[in-house]
Each structure stands twice: as C-alpha cells, then as structure tokens.
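Naming convention: chains lettered A, B, ... in sequence-line order (proteins, then strands); numbering from 1 in each chain.
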Protein chains: 4
Amino acid sequence: MSEEPVPARLLSAATRLFAERGFDRTSVQEIVAAAGVTKGAMYHYFGSKDDLLHEIYGRVLRLQTEQLEKVVASGEPVSARLHAAASDVVVSSIDNLDDTTIFFQSMHQLSPSKRKAVRADRRRYHVLFRSLIEEGQRDGVFRTDKPADIVVDFFFGSVHHLAVWYRSDGRLSAQEVGTHYADLLVDSLRP
Amino acid sequence: MSEEPVPARLLSAATRLFAERGFDRTSVQEIVAAAGVTKGAMYHYFGSKDDLLHEIYGRVLRLQTEQLEKVVASGEPVSARLHAAASDVVVSSIDNLDDTTIFFQSMHQLSPSKRKAVRADRRRYHVLFRSLIEEGQRDGVFRTDKPADIVVDFFFGSVHHLAVWYRSDGRLSAQEVGTHYADLLVDSLRP
Amino acid sequence: MSEEPVPARLLSAATRLFAERGFDRTSVQEIVAAAGVTKGAMYHYFGSKDDLLHEIYGRVLRLQTEQLEKVVASGEPVSARLHAAASDVVVSSIDNLDDTTIFFQSMHQLSPSKRKAVRADRRRYHVLFRSLIEEGQRDGVFRTDKPADIVVDFFFGSVHHLAVWYRSDGRLSAQEVGTHYADLLVDSLRP
Amino acid sequence: MSEEPVPARLLSAATRLFAERGFDRTSVQEIVAAAGVTKGAMYHYFGSKDDLLHEIYGRVLRLQTEQLEKVVASGEPVSARLHAAASDVVVSSIDNLDDTTIFFQSMHQLSPSKRKAVRADRRRYHVLFRSLIEEGQRDGVFRTDKPADIVVDFFFGSVHHLAVWYRSDGRLSAQEVGTHYADLLVDSLRP
DNA sequence: AATGAATGAGAATTCATTCAT
DNA sequence: CATGAATGAATTCTCATTCAT
C-alpha cells in the first residue's frame, strides 16, 4: 500500500492507536494490521510492544530538546527566550497531539528500565528549561520568591494537559494558544 | 479481618492499586485480595471493574465541588476567592494524591457512557471555577486579554500534573505548593 | 404486584424464560426478578433450578396424559379415537407452546435422575398412544407393515417440532394444524 | 498426536461433545482437551465457540442440500423422487446422528446473526423439498387438501426427532427406518 | 526479511447455592 | 417465610511472544 518503510509505518500506526485507545488497550495485532504488515515483521524490527512505545518517547524527546537548545542559545534577552521556549513547546505539543497524549498517559506503562531512561532524558529537558528561569531570577527580571523547579512543573503540567482539551477544529490556533500560555507564564514571573 | 464494610474496603484497595499500577494493569483478583474479600463479593456490590473506577471519580468530584462552592460563596474579594480556590484544590489534590493520579491517567479507560457522566461533572466544576475569573475580569481586577477558559485549562493542567512530581517526603508541604500555585495563577492575571 | 401465589408465579416466569432463552441461558436471578421475588423465596419453594424445570415437565405430562386417557376410553371407533388423540395433542402443544419448546430442547439439561423420571412418564404416554395404533392394526383398520413404535416416534417428532415453526399470528389456527396433522397420520396408516 | 489437521480435530471433538452434553454444557476447555490442542490454537482458527457450532451446521447443511439437489434433478417420477429424498435424509441423519442431535437442540444457542444465516440455508433446503410436493400436487399424484408447507414441517419434525430415539444397536437399520419414514410420508399424500 | 501457527498464562465476569438474620 | 450478602468454581476469550519455515 504505502511506500514508507516498514518501521516508520509501524511507528505511526502505533502512535495513532496508542493515543486513541491507550497502550494497554491496543493489541500488537491491531498495530500490525493498521501498518499492513504481519506480527513477524514487527518483531523483526522491534523487540517488543514496549520498544515501540519507548521509540515514540525517544522521538518526541529528541525533537523537543533540539528545539529548546536552539532557543536557549539565541542571543535574545532572557525574558524573550523563555517566552519563545514556552510558546514553541506548546505549538509543537499541539502539532503532535498524539505524541503528547501518549506522553501524558502512558509513561507508567513502560518497563521500569525504560521508564528510567525516559525520565533521565526528560530531566535534562527540565533542567535546561529551568536554567532560563534561574537566569532571569539572577538578572532580576523574574521574581525570586518562587522556586524555579516549581515554576517548571507548574508550566509543564499545563502543556501535557493540552492533549486533554485542545481540539484542532476549535476556536484557537496552536500559535494563539502558545502565545497565551507563554504570556501567562512570563507574566506570572514579574517581580 | 477489618471492621470497615466491604464496599469501602474494595474502594480503598482499588484506589491504591489503580494509582500504583494503573487501571489496566490492576486485576480484579489483585483488588479483592488486597481488600480481603472474594471476587463474588466485589461483583455483588459493583457491577464491573469499571464501576469501581467510576465510583472513585465520583467521590473526588463531589468532594472538590463542595469545597469550591464554599469558597465561591464566601464574601471575600474575587482575587482572594480565586487564590483560596486554587490553593484549596492543590492541597486537596496532594492530600488525595492517589485519586489525583487516577484522575489524570485513567479517565480514558472508563466506558464511554461513564466517561461522559464524569466529563459532565467535571464540566460543572470547570464552569464554576471559570466564573471566578470572569467576575474578576468584569470588575477590572484581572486582565481581559486572556480567555477565561484558557486560563482554567492552563491551571488545571498544573494541578493534575502534581501527581507526577509531588513527593510527600520532599521539600515542600502541600500548603506551600498550594500557595505557590495560587500566587502564580493570580499574579499571571494582573492587568 | 400479582395476586397469584409465589410458586405459581415462579413457575410461569421460568416457563416463559426457559422457552425464550433456554434453560442454561436463564439465570436464577432473572427468574426471580421476573416473578418479583427474591432468591431466598425461590429456594424456599424449589430445591434447585433443576426442580423448576422438572416441575414444568411434570405439569405438561400430567395434562397431556389425562387428555389422552379420556380420548382412548371413549367409545368411538379406533380410527376416530386416533384422529382425536393426534389432533388434541397438536392443539394442546400449540396452546402451550412455551412448554413444548422447553420439552423439545431442554430434556438433556435435567439431572440424570430427573431425566429418568420424565422419560418413564413419557414412556407411559407413548405406550398408551401406541396401543391405539396396535388396536387398529389388529382390527384390520390400519396397515400392519409398519411397526407401531416407529409410527408413534414419527408422529411425535412432528408434534415436538411445532415449537420451531408455528407462529400464533400465522395463517393457520391450532385446530386447523391439528386436523391436518391428524389427517396425515391417520391416512398414512391406511392399509 | 493425530495426523489430522487441527481445525478438523477441533470440529470433530466439538461435534461429539456438543451432541453428548449440549452446547452450553460443553466448555471450550473440554473441546480443546479432547482435540489435544491448546485454547490459543482453537481461537487461532475459530473466532469463538459459536463459530465452531456454526461451522458444524454449515457442513451438515451443505451435505444434505447437495444430496437433495441430486435426487430432485433425477429423471424419476415425482413420487419416486420424493420417496428417495425422504429416505436419503433419514439415512444421512442417522449416519450423522451427532450432527442431527446438535441441529435439533442447539440452534437457539447460536448468536442471532449466525442463527439467521443458518435459517436462510435451512429455508433453501425446505423450499426445494417442498417443490417436490407441489409438483406432485400439480400432477394429481398427491392430495391437494394439505398445504405443502405443513407437510414439509410435519416430515422434518420426524427427521429431527430421530436423534431422540434412534439407537444404532437397535432393531432397525438406518435404511429400514428411511424406508418406513418415506413410505409413511408418501402414503399420507395419496389423494 | 517475513510468515503465521501455536502457546500458556491470565483476564473479567457469571452463577447456583448457602446461611445468618 | 423471606432476605441479601457472600462464596468459589467455572467460563469464554485475549494477547504478547516464539519459532520452524
């Protein structure tokens, strides 16, 4: 049917199905049927169903980390960089809403060792984002009475939650939501 | 074994296990074993595993809605009422972290009809909370360039996310987190 | 609700449900709910679900045997008596189609000892009916090249089968079917 | 164990057990044990226990319809063709007494959609058989005061009932019973 | 690289029956 | 007479994974 290579087809079928029904409610049989291949083929490319999920996480994390690194390294004032980082992550979360849904509700279904790996990657992202806030606090641009950690968790809760309420056919574009969220974050940090 | 009635024992065993391992990864067998009863007893009181989850949701929603209604009806200035409402929901989410965990990751495992019922209850809560923001916007106390809906979703994402990062043996008490979150919310709404 | 005594209510609820869904597909819970009583009440009057079925069989068998005895003992010529007997059993099978359905498809669900008892009663009925044919054969009214046993089984197959195809809203009345069946039987025996 | 392929082994184990104990009283576990395979293997080939039953019905219906079509198409006089058709169906019902037993007592345990399919097949058989009677009625060979439909139902009741009383170690061979039944049918139709 | 038959462990649910009250 | 909580065994079906080909 498709010209895409088998592993990519499996990954996108799995992404769609995991987001739709959840990891546990999606059978390997359904994934391979949606990808138009057989079970044998899947187990040829991926060691387990778990591996598929892990690979999906990996893809998202790499993408978002790259984006964030670019923004952090730009020469803009810290306030503008935080605004851009926040807005970017919202837009990309909305653009990949299936990935966001999975992220937000399937982490605990990974095997412990893979969960640990994902958390470590996530941690790096978190630390990088936090460093922006800390920089602003040192520079006197952001308030200092809120621990930077708390602020990061506060904001990323909102981002993960997008998958719950955002509808692409709704009133607001991804960019508009990104701007609103970034405004709320940056303004909440005014000293 | 215990003096508590069977349904309550089942409900608390289920709450703990659903939070620990997720709804799909928890078997009815495990629940009844933890509650010290037989499967037949469980099906005597609850029509299905799904019912158990639905009941847990119902309990949380009733509790939080009651709290919110009290705060909304108090005579305080709107800004203080929003701060109290936000702080309260954070504290009660932390006090019942198992319920929060379940809420945030198992809703999509409810049967469609029950999911609809829960969403309707949730909606009422959301509307009530939103009305506080709208009131502040009308009174000129809060900025008007952010739709109240977006602000509510922004904030409740953060609240649901608490279950992901909050540890009761950590640095901050529930009350402290509540204050931080409420401050961030209210300050982000300064005109 | 009803003024009828509890055992009769149970029996008629069970008859209807067994005919509708079969013995194994009908739960005791459904029977007692349909009769408007509780399980305890049922077990007060009937020793088991099996007992209910046995009682239903008993009722039908007593009724049909009484009818047959009357016809056999009438002073009519044997050919008329066989015709009447055949027609009567068809009419009464149609009048009690639920009983007939149960008879025809649930005998093997009785416990072995009860099945034996029912078969013995059935046997008496069979022997009595057969005696009419044998009498006709001795008198030269009926052909003698067909064993009377075979003829009885041939005919009662047709009767049991009524439950499969007869519809009370159909073209033919019970009496008409009775006449047709009796004609076919008696005419098939012409020497 | 056996050289026969798995699906055939399952089918014959199921046939035997369904006839012995009835569909509802036979567990999938018993079937796969008798066939010497695992449950997983059964569900690999058959979608459900119901499918097994449906397949058994299909086999019988195809066989009997083929036989009947041959007889109907032969050049014999209609009376001889009806006699042969009747006799054949008796003999083949006795030769496959397990199938006949199942047919006669388990149809109502099929799922509604499958029951409909079986009934449609059965209907075609019925229509074909009836056409023989109608032909004889048009030709003046058979009486016309009995609807052909009624006659067919009358006769097939007798045939289904064979499973209830026929014993292969009894007095009469399948062929003898076939002849008796066919004689009774054809003679009952004499004008 | 890919197939598809087969496994085996475990899932949720049902149900006739008992028994203390 | 009647209740309804509780039992415990059985039931159908699902599924990730393996492996010979």
Find the distance [X]:[atom1] to [N]:[atom2] and express it as a whole number of Å.
X     : N      : atom1 : atom2 : value
A:Q29 : F:dC13 : CD    : P     : 18 Å
C:R25 : E:dC15 : CZ    : C1'   : 14 Å
D:F46 : F:dT12 : CZ    : C1'   : 16 Å
C:M42 : F:dA2  : CE    : P     : 13 Å
B:D24 : E:dG10 : CG    : C1'   : 14 Å
D:R21 : F:dT11 : CZ    : C1'   : 14 Å
B:L10 : F:dA5  : CG    : P     : 13 Å
C:R9  : F:dA2  : CZ    : C1'   : 13 Å

**OP:** Give a yes or no on whether a donor-acceptor pair under 3.5 Å exists between the nucleobase atoms of E:dT17, that is its base, and the side chain of C:K49.
**Re:** no
Subject >> Pair of N/O donor and acceptor under 3.5 Å linking E:dT3 base with A:K39 side chain >> reply: no
**OP:** Taking only the side-chain nitrogens and oxygens of D:Y43, find out if one of them lies under 4.0 Å from OP1 or OP2 of F:dT14.
**Re:** no
**OP:** Name the orientation class of the two ring planes belonging to D:Y57 and D:F103 (parallel below 30°, tilted from 30 to 60°, perpendicular beyond 60°).
**Re:** perpendicular
**OP:** Quick one: look up who F:dA16 pairs with, Watson-Crick or G-U, both distances under 3.5 Å, and put none if it's unpaired.
**Re:** E:dT7
Subject >> E:dT21 pairs with, by Watson-Crick or G-U criteria that keep both distances under 3.5 Å >> reply: F:dA2
Subject >> Intermediate values then yes/no, side-chain contact (heavy atoms from CB on, under 4.5 Å), C:L110 and C:V118 >> reply: CA-CA 9 Å; C:L110 273 175; C:V118 168; 3.7 Å; yes
Subject >> B:E66 bridged to B:R59 by N-O distance under 4.0 Å >> reply: no
Output the single nucleotide from [options] whose closest atom is nearest the side chain of [X].
X     : options               : answer
B:S27 : F:dA16, E:dT3, E:dA11 : E:dA11
D:T38 : F:dC13, E:dT13, E:dT7 : E:dT7
B:H44 : E:dT3, F:dA5, F:dC13  : F:dA5

Original post:
What nucleic acid atoms does C:Y45 come within less than 4.0 Å of, heavy atoms only: base, sugar-phosphate, or nothing?
Top reply: sugar-phosphate
Original post:
Taking it one step at a time, do C:M42 and C:L52 satisfy side-chain contact (heavy atoms from CB on, under 4.5 Å)?
Top reply: CA-CA 9 Å; C:M42 194 215 103; C:L52 273 173; 4.0 Å; yes
